[in-house]
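Working notes, beginning with the structure itself.
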Amino acid sequence: MVSVNHYLILSLLMFSIGVTGFVIRKNAIVVFMCVELMLNAVNIAFVAFARMHGNLDGEIAVFMVMVVAAAEAAVGLAIIIALFRNAKSVDTDDAAELRL
Amino acid sequence: METIVFYLLAASIVFTGVAVVAMRNPIHSALALVCNLIGVAAIFASLQAHFLATVQVIVYAGAIMVLVIFVIMLLNIKEEKPARERFLLLGGVVLAGFAFFVALSFVFLHQFQVTPELTDEITGSVANIGRVLFTKYVFPFEAASLLIMAAIVGSIMIAKTKRREVS
């Protein structure tokens, strides 16, 4: 029988993978994808807790996370394009000058 | 049966998650992330959150990942050169990530008041979600549309090319 703890452990594993990738990768787009990984890990925990408590508030929270993730994707990728136009690379080490 | 499906899904999610981090080519990372997000959608479906499973596939695996892959191809990003020769540092970071996982799982499983069994009181069907979204949470829903609007305008302003003024 699958319990809430199973889903929580899965969520934590996914979040840890996302954090590790966020730290070790240098490509800005891969870093961005690791953020998406972490957001989804939290979503799994939200839905599992919503099922545990038997109400839908957690699922509304997941819906809002998805809305914010869509907005974040648009703005984040625009920033990456602007960065590429200025630095001719999407390497995060090349974006250390704090100017455009 | 349910347990077997859960473990298969969990294994595929963890495997594709590691692939997102480990692949050198960003396109391969993005494709692994698409598989990961579809696995998460299946997890949502197994938790009776049907609306979220659908939205996950349409918005995440569809719209957002298409945008990411579009940007990768637009910028024509080459494979990352293996610049990090410091494998000791890399191993240390991976070990730190694992320690992070152990610490968080201790907090989650021992500090929270978790009742492990799942209830079947209410399912996340489209009708139920819609009823809650348009009554109790109608203000956050409208605020979300404002946020999306601001994000559209902001991303256009950031990404547009500056044209030289013709005098």
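First the proteins, then the strands, lettered A, B, ... as listed; each starts at 1.
Criterion: ILVMFWY side-chain heavy atoms under 4.5 Å apart, direct or through other members. Under it, B/Val66 and B/Val20 are not part of a common hydrophobic cluster. One hydrophobic cluster, built from ILVMFWY side chains closer than 4.5 Å, cannot hold both B/Phe15 and B/Leu9; they sit in different ones. Linking ILVMFWY side-chain heavy atoms closer than 4.5 Å, directly or via other members, places A/Val65 and B/Val57 in two distinct hydrophobic clusters. Hydrophobic clustering (side-chain heavy atoms under 4.5 Å, transitive across Ile, Leu, Val, Met, Phe, Trp, Tyr) keeps B/Val138 apart from A/Met64. The hydrophobic clustering, which links ILVMFWY residues whose side-chain heavy atoms are closer than 4.5 Å, places A/Ile29 and A/Val23 together.
Side-chain contact between A/Ile80 and B/Leu75 is present, with heavy atoms from C-beta onward closer than 4.5 Å. The shortest distance between side-chain heavy atoms of A/Tyr7 and B/Phe6 falls below 4.5 Å.
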Would you be so kind as to tabulate the donor-acceptor pairs closer than 3.5 Å made by side chains of residues 8-21 of chain A, with sequence neighbours excluded?
unit_1  : atom_1 : unit_2  : atom_2 : d
A/Ser11 : OG     : A/Ala41 : O      : 2.8
A/Ser16 : OG     : A/Leu12 : O      : 2.9
A/Thr20 : OG1    : A/Ser16 : O      : 2.7

Determine all donor-acceptor pairs shorter than 3.5 Å in which one atom belongs to a side chain in residues 69-78 of chain A; sequence neighbours excluded.
none

Distance-only donor-acceptor hits, side chain of residues 143-156 of chain B, under 3.5 Å, sequence neighbours excluded:
unit_1   : atom_1 : unit_2   : atom_2 : d
B/Ser145 : OG     : B/Glu142 : O      : 2.5
B/Ser155 : OG     : B/Ala151 : O      : 2.9
B/Ser155 : OG     : B/Ile152 : O      : 3.0

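A/Val67 touches chain B through backbone and side chain together, each having a heavy atom under 4.5 Å away. For A/Phe84, the part lying near chain B is the side chain, with the backbone staying farther off; criterion is any non-hydrogen pair under 4.5 Å. At a 4.5 Å heavy-atom cutoff, B/Met1 makes no contact with chain A through either its backbone or its side chain. Residue B/Lys136 touches chain A through its side chain alone, counting heavy-atom pairs closer than 4.5 Å. Proximity to chain A (any heavy atom under 4.5 Å) is shown, for B/Phe101, by both the backbone and the side chain. With a 4.5 Å cut-off on non-hydrogen atoms, B/Phe70 does not touch chain A at all. Interface remark: B/Phe51 contributes side-chain atoms only to the contact with chain A (heavy atom separation under 4.5 Å). Within the 4.5 angstrom heavy-atom criterion, no atom of A/Val31 approaches chain B. Looking at B/Leu52, the atoms closer than 4.5 Å to chain A (heavy atoms on both sides) sit in the backbone and in the side chain alike.
Interface check for chain A: of the options B/Thr3, B/Val40, B/Leu47, B/Leu74, the most heavy-atom pairs under 4.5 Å are formed by B/Leu47. Note: B/Ser29 leads B/Ser29, B/Ala63, B/Ala22 in heavy-atom pairs under 4.5 Å with chain A. Interface remark: of the candidates B/Val94, B/Val55, B/Val68, B/Val68 forms the most heavy-atom pairs closer than 4.5 Å to chain A.
Between B/Leu33 and A/Glu36, the closest heavy-atom pair is CD2-CB, 4.2 Å. For A/Arg51 against B/Ser46, the heavy-atom pair with the smallest separation is NH1-O, 4.3 Å. Contact record, A/Leu56 with B/Gly124: CD2-CA, 3.8 Å, taken as the closest heavy-atom pair. For the residue pair B/Ala30 and A/Met33, the shortest heavy atom distance occurs at CA-SD, 3.5 Å.
Put simply, CD on A/Glu59 and CZ on B/Phe44 are 8.5 Å apart, with the number rounded to the nearest 0.5 Å. B/Ile158 CD1 to A/Ile79 CD1: the interatomic distance, rounded to the nearest 0.5 Å, is 4.5 Å. The CG atom of A/Asn27 lies 14.5 Å from the CE atom of B/Met23; values are rounded to the nearest 0.5 Å. Separating the CD atom in B/Gln56 from the CE atom in A/Met66 is a distance of 4.0 Å, to the nearest 0.5 Å. With rounding to the nearest 0.5 angstrom, the CZ atom of A/Phe32 is 7.5 Å from the CG atom of B/Leu67. Residue B/Thr16 holds its OG1 atom at 8.0 Å from CG of A/Leu37, rounded to the nearest 0.5 Å.
At a heavy-atom separation below 4.5 angstrom, chain A is approached by B/Asn128, B/Ile129, B/Val132, B/Leu133 within residues 125-134 of chain B.
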Would you please test A/Phe63 and B/Val59 for side-chain contact (heavy atoms from CB on, under 4.5 Å) and show each step?
CA-CA 11 Å; A/Phe63 182 71; B/Val59 173; over 6 Å; no
